Amino acid sequence: MPGDRKFFVGGNWKMNGDKKSIDDIVAFMKTGPLNSNTDIVVAPPYCYIQYSRDGLPANVEVAAQNCYTEKSGAFTGEISPLMVKDLGATWVITGHSERRHIMGESDELVAQKTRFALDSGLGVVPCVGEKLEEREANQTMDVINRQMKAIADKIEDWSKVVIAYEPVWAIGTGKTASPEQAQEVHEKIRAWLANTVSADVAKKTRIIYGGSVKGSNCKELAKKEDIDGFLVGGASLKPEFVEIVNAAS
Ligand code: 13P
């Protein structure tokens, strides 16, 4: 449970959905009920940001899943944070493991995207997390600290940053990190923030967990002191997302 940090639940729809299935998601989000003490954000594919924004209740914010490092120009196929804002989104996810490992995004590019999105006025959810072989080689915190350092070097104002810890081995695999495994990493990320940035930033910054979060495991995870919410993939497309939003109730 997050103390005085407001619980934050994000739904990352990834490359899923069409207008029909978004209508179904909007319907269960409208039915709720949604805990008013939780920040709720869903991230549709770019092309459905406006459609989702138009349908969703006002207390559900909308995020992009990615964005580029420039406001406009000759960058075919890229989307600027200003365009995302123009469609009604208020957040963006950066450095998701699928961007890092499928699209080959470097720590430096993720950090630049994070900085530019913040400068553009969006809230940002930078993602960090280790692969299975890195965990097995005891490199979990080396990897996360490296990813965190690249981002932290570029951030001045942390008030609109929510860090997502997403162990790559737990994403879409049905293998959730146990509450103890997740808490251990969250606590270390918070300690890293305290040592590297400031005690105040460490205390206030929300660190959310992602990786096979479901209705059935969210409550146990939410009880942990340093788990301040979730970034949910598959289950954010289903009615059980409401249960996850309300996990800290
Ligand atoms: P799953 O919840 O489907 O494992 O995905 C997690 C994730 O990657 C959220 O960004």
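Quick caveat, the model's predicted, so the values are computed rather than measured. Computation of the quantities below employed the complete heavy-atom set of this structure, encompassing side-chain atoms and omitting hydrogens, waters and symmetry-equivalent molecules. Read the numbers this way: they start at 1 and go in the same order the structure lists the ligands and their atoms.
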- Query: Is it true that the side chains of Gln147 and Asp107 contain a donor and an acceptor less than 3.5 Å apart?
  - Reply: no

- Using distance alone, determine whether Thr173 and ligand 1 share an N or O pair under 3.5 Å. no

- Item | Protein heavy atom at shortest distance from atom 9 (C) of ligand 1 | Glu166 OE2, 2.9 Å

- Please verify whether a non-hydrogen atom of Ala235 lies at under 4.0 Å from ligand 1. no

- For Gly234, is at least one N or O under 3.5 Å away from an N or O on ligand 1? yes

- Query: Is any N or O atom of Gly233, backbone or side chain, closer than 3.5 Å to an N or O atom of ligand 1?
  - Reply: yes

- Do Glu61 and Thr90 have side-chain atoms, one donor and one acceptor, less than 3.5 Å apart? yes

- Task: Record the part of Ile171 in heavy-atom contact with ligand 1 below 4.0 Å; permitted values are side chain, backbone, both and neither.
- Result: both

- Message: Does any N or O of ligand 1 fall below 3.5 Å from an N or O anywhere on Gly210, backbone included?
- Response: no

- Item | Check: Gln112/Tyr68 side-chain N/O donor and acceptor closer than 3.5 Å | no

- Query: Does a donor on one side chain and an acceptor on the other come within less than 3.5 Å for Ser21 and Asp18?
  - Reply: yes

- Message: Out of all atoms in ligand 1, which are within 4.0 Å of some heavy atom of Ser212? Include the element for each.
- Response: 1 (P), 2 (O), 4 (O)

- Query: If we ignore angles and hydrogens, is there a donor and acceptor under 3.5 Å between the side chains of Tyr51 and Asp23?
  - Reply: yes

- Query: For atom 5 (O) of ligand 1, what's the nearest protein heavy atom and its distance?
  - Reply: Lys14 NZ, 3.2 Å

- Asp200 side chain to Ser198 side chain, donor-acceptor N/O pair below 3.5 angstrom: no

- Note on the structure: Numbered in order shown, the ligand 1 atoms found under 4.0 Å of a heavy atom of His96 are 7 (C), 8 (O), 9 (C), 10 (O)

- Would you say the side-chain atoms of Gln65 and His96 include a donor-acceptor pair closer than 3.5 Å? no

- Query: Relative to the heavy atoms of Ala170, which atoms of ligand 1 are at a distance of less than 4.0 Å?
  - Reply: 4 (O)

- Under 4.0 Å from one or more heavy atoms of Gly211, ligand 1 contributes atoms 4 (O), 6 (C)

- For Lys188 and Asn145, does a side-chain donor sit closer than 3.5 Å to a side-chain acceptor? no

